[in-house]
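Throughout, residue positions are numbered sequentially from 1 according to the sequence presented.
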Amino acid sequence: MVRQIWTRLWDLRPIFYAVLTRVMFFIHGFLSVWLVTHCLGKPIYWLTIGGVVLLFFEMMYTLLARKGQEYKYFWPSCFFYMSTMIPNIWIVEIDLLECFGNLNSQTLAKQVFELGLIIGLIIGRWLLPRGEITRDQLSALLLGYVGTAADILELFEVLEEQAVSTTRQVTYAVLSVYSWSLLQFCLVTTATTGKNNQIRITNNKVNPDDVINRKISLHKYGKQEELKERYIERLQMKRRQTEMNVMRGKGFKGVKEKKINPITTARGEVKQISRREMLLHGDIFGILTGIFMQDGPFLIFRLLLIIQYQVSSEMHIFFTCKNAIALSLLVYRLCILTCTGEDEEDIEHEEQESRLQNVQQAVLSDNFQKAGAIQLAG
């Protein structure tokens, strides 16, 4: 009895973690809105709490309709959470630019908002039920979150530069790039990668041992004579078709039947399937997200500061080079994943197919020769 109770409680873990994460988001969002209204003395800013209010309805739907299971490609609770936090960060940063209100309180609120948001997203993603992603994918996702969060938080260091610290356009640009890059946390970019996808592609490949065993088993087990007769009929039909084509000669303008090798044909279909699945591969989404929502906008923004505002601090130059290198590597990896050329695995697979054809022909010829079904030429 006690064991059954513990088993039921263990099965309720996804629901518990789903509720815990959203409660944590709600508390932090509510505290942020309260700090804004308290520091600035404007009750109208309570309207920004609408995001975490919608988070409550999203939680009810997830618990009742989805039994606590999260979505595969999108993280809606993160989106509602950020829809409350990002407006408050804009309000505090703009107010700090204008130097109104209590500066110490606003600085504290800024730290609570910006640092708390990043930490809350990482911990929240860790606590949430994994859904359809594997533990390997989740660990990779969290490691990516840590690196991305560090780069995003460093973006605010630009506002400490003397050349742009009082420039309103730069403040708006920083907040815009910051808000845009934060939206990538709502995307589960590793959802379609991992073992399931690799198994699906690998299972479509032609394995020499599998084909040989399959051919031998077809002739050794279950309706052996019937299978032999059907196979002989197909061979005879192909032979008659070949003889008719030879008798018609070179002047024949009819339709020429293309000789089909079932092994190479299967391999061609496998390559098409693999490439089509690769276009939907999670790595592609992750790379595109990094290009258009992280390193791409960051690099453009930092280059603009260097060229137009002459920002030349060591840290700014370092992160500019870092974004440039990361962007180049992302583009390079994208080209590799979408390249249609053959790699070493394809070459090795062709060698296996060549050996497979020789072994398969020898096995089948020996089988049917012993059964008296096929008369070998020569």
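With hydrophobic clusters built from ILVMFWY side chains whose heavy atoms lie under 4.5 angstrom apart, Ile287 does not share a cluster with Ile325. Under the 4.5 Å side-chain heavy-atom criterion for grouping Ile, Leu, Val, Met, Phe, Trp and Tyr, Leu115 is connected to Leu121 within one hydrophobic cluster. Clustering ILVMFWY residues whenever any of their side-chain heavy atoms sit less than 4.5 angstrom apart, transitively, puts Leu20 in the very cluster that holds Ile123. Met315 and Leu299 fall into different hydrophobic clusters, defined by Ile, Leu, Val, Met, Phe, Trp and Tyr side-chain heavy atoms under 4.5 Å apart, directly or through other members. Leu304 and Leu155 end up in different hydrophobic clusters when Ile, Leu, Val, Met, Phe, Trp and Tyr side chains are linked at under 4.5 Å.
A donor-acceptor pair under 3.5 Å is absent between the side-chain atoms of Thr21 and the main chain of Ala18, judged by distance alone.
When each of Leu305, Val170, Thr320 is paired with Val311, the side chain to side chain contact (heavy atoms under 4.5 Å, CB included) condition holds for Leu305 and for no other.
Leu47 CG: more than 12 foreign heavy atoms inside a 6.0 Å radius. Few gaps surround CZ on Phe74; more than 12 heavy atoms of other groups in view lie less than 6.0 Å from it.
With sequence neighbours left out, Glu161 forms a salt bridge (charged side-chain N to carboxylate O under 4.0 Å, His left out) with no residue at all.
Side-chain contact check for Trp90 and Ser179: at least one donor-acceptor pair (N or O, by modelled atom type) lies under 3.5 Å.
Classified by interplanar angle (parallel below 30°, tilted 30° to 60°, perpendicular above 60°), the ring pair His28/Tyr81 is tilted.
Of all heavy-atom pairs between Met85 and Ser32, the closest is CE-OG, 3.1 Å.
The side-chain heavy atoms of Arg22 and Ser77, taken from C-beta on, include a pair separated by under 4.5 Å.
Screening residues 139-171 for ring pair (Phe, Tyr, Trp, His ring centres under 6.0 Å), with sequence neighbours left out, gives Tyr145-Phe185, Phe156-Tyr178.
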